[in-house]
Student: 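Below: one structure in structure tokens.
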2 protein chains.
Amino acid sequence: MFTHKNGAIPLYIQIREFLVARISKGEWLPGDIIPSEMQLAQELDVSQGTVRKAITELVEKNVLTRRQGRGTFIANHDIRRALFHFFHISDKAGHKVLPDSKALYCRRKKATQKEISKLQLAPGSKVIRIERIRFLTDKPTILETISLPEHFFNEFGKVNDCSLPNMLYELYEQQFGITIHSANEELRAIAASEHDAALLNLEAGTPLLEIERIALTLEKTPVELRISRCNTKNHHYQNTIF
Amino acid sequence: MFTHKNGAIPLYIQIREFLVARISKGEWLPGDIIPSEMQLAQELDVSQGTVRKAITELVEKNVLTRRQGRGTFIANHDIRRALFHFFHISDKAGHKVLPDSKALYCRRKKATQKEISKLQLAPGSKVIRIERIRFLTDKPTILETISLPEHFFNEFGKVNDCSLPNMLYELYEQQFGITIHSANEELRAIAASEHDAALLNLEAGTPLLEIERIALTLEKTPVELRISRCNTKNHHYQNTIF
DNA sequence: GTCAAGCAGTCTTATATAAGACTATATAAT
DNA sequence: ATTATATAGTCTTATATAAGACTGCTTGAC
């Protein structure tokens with residue numbers, strides 16, 4: 001089934017890709033245990049160490065989670081991961097505070113040119129567009145505009161009527177089987193519009209940190225465009241470069 | 001010399017730390033080759049695969065570089081790495097453009113309270129403080145204020161008289177033996193001061209992206225505080241979350 | 001209920017083989 | 001004679017396999 005000599009693609013990479021394919025096909029769901037290293041090794045007719053090396057790389061990418069003595073599991077992107085991995089706003093002490101959220105708007109709309117290009121949509125596609133405000137220690141601090149391709153999130157309006165959970169990525173995962181694995185962010189300083197200013201309780205023109213995020217699945221398909229405007233008077237965007 | 005049973009610290013981690021110690025002691029300089037896996041294995045009386053695992057983790061941290069058939073080398077933090085790893089400003093097309101720099105100011109000064117706390121200095125320490133302006137495609141776009149602890153960069157003023165190279169991290173490495181391995185950044189939106197505005201050719205009050213970076217050595221010692229204020233009209237800060 | 005043994009999983013280490021890169025030497029062409 | 005071109009040898013990292021150690025859960029004896 002798998003061999004090394006055929007084209008010089010290392011065995012462990014072939015196996016890693018084989019696992020990725022099975023995972024993104026939805027064969028296992030988040031939290032599920034996958035077969036043991038030994039079982040996979042037998043099934044694929046390679047040694048346990050080779051399976052191990054393939055799995056290790058997926059663990060490093062946060063696709064899988066290992067628990068010694070238990071097994072290997074599809075990573076569960078729970079609230080903790082969402083907060084620490086995808087939420088980069090900290091207070092002055094450097095602590096991340098879980099924000100509260102209030103949805104202001106939630107409609108199915110024709111995609112704008114920007115949404116079409118950023119989300120790689122077909123012209124004329126529709127998106128679900130959400131606007132919400134987020135509170136940090138009870139103060140309105142972040143405005144978010146979120147765009148979701150309709151074809152990925154079809155029953156959104158039906159299942160869910162603007163009563164959104166705080167952490168959307170959990171919703172995507174649990175309700176739609178879409179797991180966010182990575183994201184690209186662009187940050188800029190902009191001036192608050194009248195609209196922004198009113199909602200954030202500021203003067204128009206106040207500098208805001210704008211974060212434009214495109215969230216991607218394991219296979220790099222863009223599934224969410226999120227534009228956040230953030231009052232950075234008492235908070236900041238924290239990034240660590242390794 | 002190294003054993004596994006003594007306290008359950010895996011062999012490969014002991015060896016990794018042993019290598020880190022030798023590296024940060026300055027036993028090898030950037031670009032130098034280190035002994036082969038086989039030699040190290042013999043010297044430390046473990047197997048080649050164990051040395052390999054230790055080295056692998058340092059390669060992943062960009063401390064070492066492997067070249068098949070050649071050997072393993074102390075990572076050379078050349079201009080390319082500095083640009084792609086530590087410079088996050090891109091143009092609208094998402095391309096990183098190498099900036100030009102002009103130093104405006106370069107003096108030895110008493111450290112401010114902020115410098116003392118961010119750089120973990122003793123009270124009353126001195127810093128070398130540099131201010132410079134950076135041009136992206138010939139337009140003044142970024143203002144930087146850089147603070148360096150005097151005790152790490154002693155002969156700075158002497159060797160170098162405000163005629164700074166564009167990429168400072170190369171200078172730190174080559175002239176002072178200080179290699180930047182990681183950094184913490186805090187980003188905020190601020191309003192341009194009169195001073196900023198004049199230099200960047202803007203109106204005072206224009207929103208600027210402020211980046212406050214603390215650069216660290218391999219051993220997490222802070223060695224540079226750099227505050228950048230960036231006009232994000234035609235550029236943005238790019239971050240990828242994996 | 002408690003505790004010990006067993007089992008099923010990952011984790012660590014060791015060994016063998018493959019593949020890439022340089023060097024020295026031999027050989028062929030000019 | 002000189003230069004270019006193979007070629008073999010050796011040193012390096014890269015990959016694959018196997019064996020034993022460790023860990024956490026379960027099950028059954030008491």
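Note that this is a predicted model, so its numbers are computed, not measured. Note: hydrogens, waters and symmetry copies are ignored here, and every other heavy atom, side chains too, is used. Throughout, protein chains are lettered first and strands after them, A, B, ... in sequence-line order, and every chain is numbered starting at 1.
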Student: Grab the NZ-P distance between B:K53 and C:dT10 for me, whole Å please.
Tutor: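 Rounding to the nearest Å, NZ of B:K53 and P of C:dT10 are 14 Å apart.
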
Student: Just how far, in rounded Å, is P of D:dC11 from CD of B:Q42?
Tutor: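 Rounded to the whole Å, the gap is 12 Å.
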
Student: Without decimals, in angstroms, what is the distance between A:L64 CG and C:dC11 C1'?
Tutor: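 Roughly 16 Å, once rounded to whole Å.
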
Student: Distance check needed: C:dT15 C1' versus B:Y12 OH, whole Å only.
Tutor: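 Taking OH of B:Y12 and C1' of C:dT15, I get 19 Å after rounding.
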
Student: Can you tell me the distance, in whole Å, between the CD atom of A:E37 and the C1' atom of D:dT17?
Tutor: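 After rounding, the reported distance stands at 14 Å.
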
Student: Using the C1' atoms of the five pairs at each end, what is the angle between the end axes of the helix from C:dG1-D:dC30 to C:dT30-D:dA1, to 10°?
Tutor: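 The helix from C:dG1-D:dC30 to C:dT30-D:dA1 shows an end-to-end axis angle of 10°.
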
Student: Look at A:R52 and C:dC11 and indicate whether a side-chain polar atom (N or O) is within less than 4.0 Å of OP1 or OP2.
Tutor: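 It does, given that an N or O in the side chain of A:R52 lies less than 4.0 Å from OP1 or OP2 of C:dC11.
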
Student: Which part of the nucleic acid does A:T50 contact within heavy-atom distance under 4.0 Å: base, sugar-phosphate only, or nothing?
Tutor: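 Since a base atom lies under 4.0 Å of A:T50, the category is base.
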
Student: Any ring pair (Phe, Tyr, Trp, His ring centres under 6.0 Å) involving residues 30-83 of chain A? Give me the pairs, sequence neighbours left out, ordered by first then second residue.
Tutor: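 Every pair satisfying ring pair (Phe, Tyr, Trp, His ring centres under 6.0 Å) with a residue in residues 30-83 of chain A: A:H77-A:H181.
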
Student: Give a yes/no answer on whether the side chain of B:Q39 brings an N or O atom under 4.0 Å of OP1 or OP2 in D:dT12.
Tutor: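 The answer is yes; a side-chain N or O of B:Q39 sits under 4.0 Å from OP1 or OP2.
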
Student: Say whether, by atom type as modelled, one donor and one acceptor occur between the side chain of B:R132 and the main chain of B:N166 under 3.5 angstrom.
Tutor: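 A pair under 3.5 Å: yes.
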
Student: Would you jot down, in residue-number order, the residues of residues 67-76 of chain B having a non-hydrogen atom under 4.0 Å from DNA chain C?
Tutor: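 Of all residues in residues 67-76 of chain B, the ones placing a heavy atom under 4.0 Å from DNA chain C are B:Q68, B:G69, B:R70.
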
Student: In whole Å, I'd like the distance from the CE atom of B:M38 to the C1' atom of C:dA21.
Tutor: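 Result: 18 Å.
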
Student: Is the backbone N or O of A:T56 less than 3.5 Å from a side-chain atom of A:R16, with the two atoms forming a donor-acceptor pair by type?
Tutor: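 It does not hold such a pair.
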
Student: Hey, which sits more toward the 5' end of DNA chain D by its nearest nucleotide, B:I33 or B:G49?
Tutor: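 It is B:I33 whose nearest nucleotide is closer to the 5' end.
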
Student: List for me each residue that meets side chain to side chain contact (heavy atoms under 4.5 Å, CB included) alongside A:Q174, sequence neighbours excluded, and say none if there are none.
Tutor: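 A:Q174 satisfies side chain to side chain contact (heavy atoms under 4.5 Å, CB included) with A:E170 only.
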
Student: Taking only N and O in the side chain of B:S47, is any of them less than 4.0 Å away from OP1 or OP2 of C:dT15?
Tutor: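 Answer is no, no contact under 4.0 Å.
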
Student: Any donor and acceptor pair, going by atom type alone, linking the side chain of B:H88 with main-chain N or O of B:H85 inside 3.5 Å?
Tutor: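 Yes; at least one donor-acceptor contact below 3.5 Å.
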
Student: With sequence neighbours excluded, tell me which residues meet salt bridge (Lys or Arg N to Asp or Glu O under 4.0 Å) with A:E185.
Tutor: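 Salt bridge (Lys or Arg N to Asp or Glu O under 4.0 Å) list for A:E185, sorted by chain: A:R213.
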
Student: Let me know the distance between CG of A:L40 and P of C:dA8, rounded to the nearest Å.
Tutor: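 Those two atoms, CG and P, are 16 Å apart.
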
Student: A:Q48 has an atom CD; how far is it from atom P of C:dT13, in whole Å?
Tutor: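 That distance rounds to 14 Å.
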
Student: With heavy-atom distances below 4.5 Å as the criterion, would you say the side chains of B:Y237 and B:T232 are in contact?
Tutor: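 The answer is no, as the side chains (C-beta and beyond) never meet within the 4.5 Å cut-off.
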
Student: Taking A:K118 for the side chain and A:L225 for the main chain, is one N or O donor matched with an acceptor at less than 3.5 Å?
Tutor: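 Here the side-chain-to-backbone pair does not exist.
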
Student: For B:R67, give me all partners under salt bridge (Lys or Arg N to Asp or Glu O under 4.0 Å), at least two apart in sequence or on another chain.
Tutor: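 In terms of salt bridge (Lys or Arg N to Asp or Glu O under 4.0 Å), with neighbours along the sequence ignored, B:R67 is linked to no residue.
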
